[in-house]
> 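Right, I'll just put the structure down here and ask away after.
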Amino acid sequence: MSREVDAELYEFFREREMGLYTKEFERNKTVFAFVRVDFSDLDTFIEIVGEEHFAEGPMEVALCSNDVCIEINDLIELYGHYLSSYKNCFDEDDWEHYESRIKEMEGRI
């Protein structure tokens, strides 16, 4: 995988609330990332990632009152990037909390 980022996607993420979480399954070390996208920004998001991405199958989302929380792990991997390449898009404390799990997940420990 490449450590580069997609510049347009990176800027989109930097301008929005991002978060990290885990789903506690037996021996699952996956850290999931999400971006909160305001309804008015959905067209921009689709334009950046391409409509074909949405045609390939369901995308994990959570519908909120003013926005949509979109899980982005698959999207980042589709671009051939590491989640850690987008490190500066996340809250510093949130990143530090999950950093060792992310490194392990990416096979960099």
> Do the non-hydrogen side-chain atoms of Ile102 and Tyr98 ever get within less than 4.5 Å of each other?
yes
> How long is the span from the CD1 atom in Ile46 to the CD atom in Glu52, to the nearest 0.5 Å?
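Reported value, rounded in 0.5 Å steps: 11.0 Å.
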> Where the side chain of Glu106 meets the backbone of Tyr82, is there a donor-acceptor pair that is under 3.5 Å apart?
no
> Quick one: salt bridge (charged side-chain N to carboxylate O under 4.0 Å, His left out) pairs with a partner in residues 84-95, sequence neighbours left out?
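Of all non-adjacent pairs touching residues 84-95, those that pass salt bridge (charged side-chain N to carboxylate O under 4.0 Å, His left out) are Lys87-Glu99.
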> So which heavy atom on Asp6 is nearest to which on His81, and how close?
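Closest heavy-atom pair between Asp6 and His81: N-CE1, 3.1 Å.
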> A side-chain contact here means heavy atoms from C-beta on lying under 4.5 Å apart; do Phe90 and Leu83 qualify?
yes
> Does any non-hydrogen side-chain atom of Val49 lie less than 4.5 Å from one of Tyr79?
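With C-beta onward as the side chain, the pair touches.
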> Give a yes or no on this: more than 12 heavy atoms of other residues, nucleotides or ligands lie within 6.0 Å of atom CD of Glu51.
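Check fails, neighbour count at 12 or below.
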> Could you walk me through whether Leu20 and His97 pass the side-chain contact (heavy atoms from CB on, under 4.5 Å) check?
CA-CA 9 Å; Leu20 299 164; His97 178 75; over 6 Å; no
> Can a salt bridge be assigned to the pair Arg16 and Asp41 using a cut-off of 4.0 Å between side-chain N and carboxylate O?
yes
> Rounded to the nearest 0.5 Å, what's the gap from CD on Glu8 to OG1 on Thr44? Could you check?
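Those atoms lie 9.0 Å apart.
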> Between Asp67, Ile72, Ile70, which is the residue that forms a side chain to side chain contact (heavy atoms under 4.5 Å, CB included) with Val37?
Ile70
> Looking only at side chains, do Tyr21 and Glu71 share a donor and an acceptor under 3.5 Å apart?
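Looking only at side-chain atoms, Glu71 and Tyr21 do form a donor-acceptor pair, the distance falling under 3.5 Å.
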> How many angstroms lie between atom SG of Cys89 and atom CD of Glu15, to the nearest 0.5 angstrom?
10.0 Å
> State, yes or no, whether a side-chain contact exists between Leu63 and Phe39 at a heavy-atom distance under 4.5 Å.
yes
> Give, for atom CD1 of Ile76 and atom OH of Tyr10, the distance between the pair rounded to the nearest 0.5 Å.
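Ile76 atom CD1 to Tyr10 atom OH measures 11.5 Å (nearest 0.5 Å).
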> Are any non-hydrogen side-chain atoms of Leu75 and Leu9 less than 4.5 angstrom apart?
yes
> I'd like to check Trp95 versus Val31 (side-chain heavy atoms, cut-off strictly below 4.5 Å). Are they in contact?
no
> Once salt bridge (Lys or Arg N to Asp or Glu O under 4.0 Å) is applied, do any residues pair with Arg14, and if so which ones, sequence neighbours excluded?
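Testing Arg14 for salt bridge (Lys or Arg N to Asp or Glu O under 4.0 Å), a comparison that skips the adjacent residues, returns none.
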